[in-house]
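Data block below; observations after.
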Amino acid sequence: MTEATAGKDQQHPLYNRDRPLIDILLAQEATDYNLAELARLRMRYQGFPGARDIQKDLDKVLQQWDLTEAELYEKTRQIHNLGGIYKSRGKKDEQDWN
């Protein structure tokens with residue numbers, strides 16, 4: 001990496017798709033689906049060198065819902081153990097890792 005790019009923030013390839021979802025999370029309550037979405041997005045942007053506004057807003061959602069990151073992940077593990085939070089889009093046993 002050159003000096004010119006070493007400190008430059010990157011544009012996340014899914015930024016434009018995720019930004020509206022985060023705006024929705026900021027305005028809504030902590031439903032099972034929203035908790036799963038928050039955890040998924042936090043994992044996606046954790047340590048990413050850019051998208052600082054998204055990272056800040058994900059932290060803000062955690063604060064609004066009065067949760068720590070550990071509590072969020074514990075709740076979402078329980079939700080996913082029950083299954084069915086993300087319905088497949090037609091193909092059986094397909095996982096969406098987007």
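We count residues from 1, following the sequence as given.
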Report the distance from atom [atom1] of [X] to atom [atom2] of [Y], rounding to the nearest 0.5 Å.
| X | Y | atom1 | atom2 | result |
| --- | --- | --- | --- | --- |
| R77 | L82 | CZ | CG | 13.5 Å |
| M43 | L38 | CE | CG | 9.5 Å |
| K60 | D53 | NZ | CG | 10.5 Å |
| D57 | L41 | CG | CG | 11.5 Å |
| I54 | F48 | CD1 | CZ | 9.0 Å |
| D9 | R52 | CG | CZ | 4.0 Å |

Ignoring hydrogens, what is the shortest heavy-atom contact between [X] and [Y]? Give both atom names and the distance.
| X | Y | value |
| --- | --- | --- |
| E37 | L21 | OE1-CD1, 3.9 Å |
| L25 | W65 | O-CZ2, 3.6 Å |
| L26 | Q64 | O-OE1, 3.1 Å |
| H80 | A36 | NE2-CB, 4.0 Å |

### Summary
Sorted by chain and number, sequence neighbours left out, salt bridge (Lys or Arg N to Asp or Glu O under 4.0 Å) with D32 holds for none
### Query
So, does N34 use its side chain to make a donor-acceptor pair with the main chain of A30 at under 3.5 Å?
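Not at all, since once roles are kept as given, no pair shorter than 3.5 Å links the two residues.
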### Task
Count the heavy atoms belonging to other residues, nucleotides or ligands that lie under 6.0 Å from CD of E29, then report whether that count exceeds 12.
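Count not over threshold, so no.
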### Task
For the residue pair H12 and Y45, categorise the inter-ring angle as parallel (less than 30°), tilted (30 to 60°) or perpendicular (more than 60°).
tilted
### Task
Check the pair R42, D59 against side chain to side chain contact (heavy atoms under 4.5 Å, CB included), reporting the backbone distance first and the verdict last.
CA-CA 9 Å; R42 283 190 65 87; D59 289 340; 2.7 Å; yes
### Query
Are any non-hydrogen side-chain atoms of Q46 and E69 less than 4.5 angstrom apart?
yes
### Message
As a quick check of understanding, evaluate side chain to side chain contact (heavy atoms under 4.5 Å, CB included) for Y86 and R40, giving each step before the final call.
### Response
CA-CA 12 Å; Y86 291 117; R40 181 179 67 82; 3.6 Å; yes
#### Entry: Cluster check Y15, I24: I/L/V/M/F/W/Y, side chain < 4.5 angstrom
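No; I24 is not reachable from Y15 via cluster members.
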### Task
Please identify each residue that fulfils side-chain contact (heavy atoms from CB on, under 4.5 Å) with E71, with sequence neighbours left out.
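side-chain contact (heavy atoms from CB on, under 4.5 Å) list for E71, sorted by chain: L67, T68.
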